[in-house]
2 protein chains.
Amino acid sequence: MESAASKAYSHIRARIIDGTFPSGAFLVEQDLAGEIGVSRTPVRDALNRLETEGLVASEGNKRAMVRDFTEQEVEECFELRAQFESYAAAKAAKRIPVDDIEKLKVLAMQMEAVVKRGAPDASAQFSELNDQFHAIILEHGGSKRMRDLLTQLMQVQLVLMKRFRQTIETHLQRSCWHHRELIAAFEARDSAWAETQMRTHMLSAKNGGDLQYLQAAE
Amino acid sequence: MESAASKAYSHIRARIIDGTFPSGAFLVEQDLAGEIGVSRTPVRDALNRLETEGLVASEGNKRAMVRDFTEQEVEECFELRAQFESYAAAKAAKRIPVDDIEKLKVLAMQMEAVVKRGAPDASAQFSELNDQFHAIILEHGGSKRMRDLLTQLMQVQLVLMKRFRQTIETHLQRSCWHHRELIAAFEARDSAWAETQMRTHMLSAKNGGDLQYLQAAE
DNA sequence: ATTTGCAATACTGTATACAGAAATGGCTGA
DNA sequence: TCAGCCATTTCTGTATACAGTATTGCAAAT
């Protein structure tokens, strides 16, 4: 059975991500407890956890509220993730077993298919596959600790995704190319290559929006 | 006034770091509550926090216990820190104001003095100054989020320090040289230099123990 | 002697009660 | 009209009670 605490956690988190609780909204323990159908105690636990994950801000004895992200913070988030994942990619290049490389290939192909098909929910499908792709790499390139830290960073990005709907087709296509090259680096067992390739991949995502005009110029 | 929760937190954390609660020791909420003089609720909060910080492990409805670190994990910790701090150093090189560079110089000199003096508690004094040194760099090279992540990593190292008493004089001396060079990189506003220098510094710390024999060979 | 099963016990997760800190809203004096 | 202040209300932090789950220790069976 699912504990009340984790129920509260996923409920609140979902509401933040889907925008029901917008930036700056107050999160009142009693209200949430009533809404979710548990007592205040597990709600408190959930809020604490969300706070360490950076989605919620609270200080002193004041009410907790949904955090607002400054542009600078968002940038940093991407940069940090680039830093982490490129490190993980470097390690993974040495350790990832061949059948997981195969899995990566399959995922990469699926993503390419999604992009080519150009369905209306392409973005969502792509994200799903993309997460799996990165998860496999992390599995071989990082410790549990590292995965946890990364999860925290990705929380923030998740929230932003919903707001900015960064789904420019160019961006997705470019990602596909990065994936292919990353896989090549893995097959070559080349840490340095994998590392810089992953860094490119992440930093390119960070600037995803900026490059729209390039598409026109091409 | 200090909240009961933070009182519990620092109490337990201190006990873990100083070894009173060794690896694998059970952390029973009621006992801790009694010992600290608060109720179970704030103790729970403290344990949760310590768990996310990685010092405490707990699963299901079982008792929490002080975490044990595998060698691999420890290595990762150092490597991750190297990764992060070198990134921070690169950024800081561009942004750190000159009077903070001065502060770094003062701290570096103080550390050198400590090493030269060779007092019995040299290690503790050095650590204190060293923390300040790194804190200043982080202040200009990283976001709050990054500082938080780093703090978590350093927790683990703190615990290990107590166990292994890694205070080889050679190591301290080498650190002093690194510091000098790092400062030089800052003054030159050279990101790349600062970055690799910091990486050297951190990775050298990671292998601190191994190099003792070099001292004899010199 | 060692294992298995079953109480008795200990501990956690959750709910709830209460005290004190923060927010709210209206009232007073300009 | 509006700033400042007090009373009221709301909310959090902490303590405690209760239910359910893990642990432990003992006894019986092999």
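Here is the naming used below: chain letters follow the sequence lines, and residue numbers restart at 1 for every chain.
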Novice: Would you mind telling me which of D/dA15, D/dT24, D/dT14 lies closest to the side-chain atoms of B/Arg63?
Specialist: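 Closest of the options to the side chain of B/Arg63: D/dT24.
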Novice: Side chain of A/Arg199, backbone of A/Ala82: donor and acceptor closer than 3.5 Å?
Specialist: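 Answer holds: no.
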Novice: Output the rounded distance in Å from CG (A/Asn61) to P (C/dC18).
Specialist: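 Taking atom P of C/dC18 as the reference, CG of A/Asn61 is at 20 Å.
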Novice: When the distance from CD of B/Gln30 to P of C/dA10 is rounded to whole Å, what number comes out?
Specialist: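 Result: 10 Å.
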Novice: Return the value, rounded to whole Å, for the distance between atom CD of A/Glu29 and atom C1' of D/dT10.
Specialist: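 Rounded to whole Å, this separation is 12 Å.
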Novice: Could you state the atom-to-atom distance from CD of B/Glu59 to P of D/dT21 in whole Å?
Specialist: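 It works out to 17 Å between those atoms.
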Novice: Output the rounded distance in Å from NZ (A/Lys62) to C1' (C/dA21).
Specialist: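 Rounded to the whole Å, the gap is 11 Å.
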Novice: Applying a 4.0 Å non-hydrogen cut-off, can you work out what B/Ala5 is touching in the nucleic acid: base, sugar-phosphate, or nothing?
Specialist: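 Touches sugar-phosphate only.
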Novice: D/dG13, OP1 or OP2 - any side-chain N/O from B/Arg40 closer than 4.0 Å?
Specialist: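 Answer no for this pair, as no side-chain N or O of B/Arg40 is under 4.0 Å from OP1 or OP2.
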Novice: Evaluate the criterion side-chain hydrogen bond (donor to acceptor under 3.5 Å, both in side chains) for residue pair A/Tyr87 and A/Glu195; output intermediate values, then yes/no.
Specialist: CA-CA 6 Å; A/Tyr87 167 84; A/Glu195 179 172 348; over 6 Å; no
Novice: Has B/Ser39 got a side-chain N or O lying under 4.0 Å from the OP1 or OP2 atom of D/dT14?
Specialist: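 No, because none of the side-chain N or O atoms of B/Ser39 sits under 4.0 Å from OP1 or OP2 of D/dT14.
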Novice: Donor-acceptor check, side chain of A/Ser58 to backbone of A/Ala64, threshold 3.5 angstrom: yes or no?
Specialist: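 Pair absent, no side-chain N/O of A/Ser58 close to backbone of A/Ala64.
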Novice: Quick check: B/Phe26 with B/Phe21 (ring centres under 6.0 Å apart)?
Specialist: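 No - the distance between ring centres of B/Phe21 and B/Phe26 does not fall below the 6.0 Å cut-off.
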Novice: Base, sugar-phosphate or nothing for A/Leu27? Non-hydrogen atoms, less than 4.0 Å.
Specialist: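 If one applies the 4.0 Å heavy-atom cut-off, A/Leu27 turns out to touch the sugar-phosphate alone, with no base involved.
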Novice: Taking atom P of C/dT14 as reference, at what distance in whole Å does atom CD1 of A/Ile36 sit?
Specialist: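 Those two atoms, CD1 and P, are 12 Å apart.
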Novice: Looking just at side-chain N and O atoms, do A/His178 and A/Gln197 make a donor-acceptor pair shorter than 3.5 Å?
Specialist: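 The answer is no; no qualifying pair exists.
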Novice: What is the distance, to the nearest angstrom, from the CG atom on A/Asn48 to the P atom on D/dG13?
Specialist: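 To the nearest whole Å, that distance equals 8 Å.
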Novice: Round to a whole Å and report the spacing from CZ of A/Arg44 to P of D/dT16.
Specialist: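 About 16 Å, once rounded to whole Å.
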Novice: Side-chain N or O of B/Thr41 less than 4.0 angstrom from OP1 or OP2 on D/dT14?
Specialist: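 Checking D/dT14 against B/Thr41, no side-chain N or O comes under 4.0 Å of OP1 or OP2.
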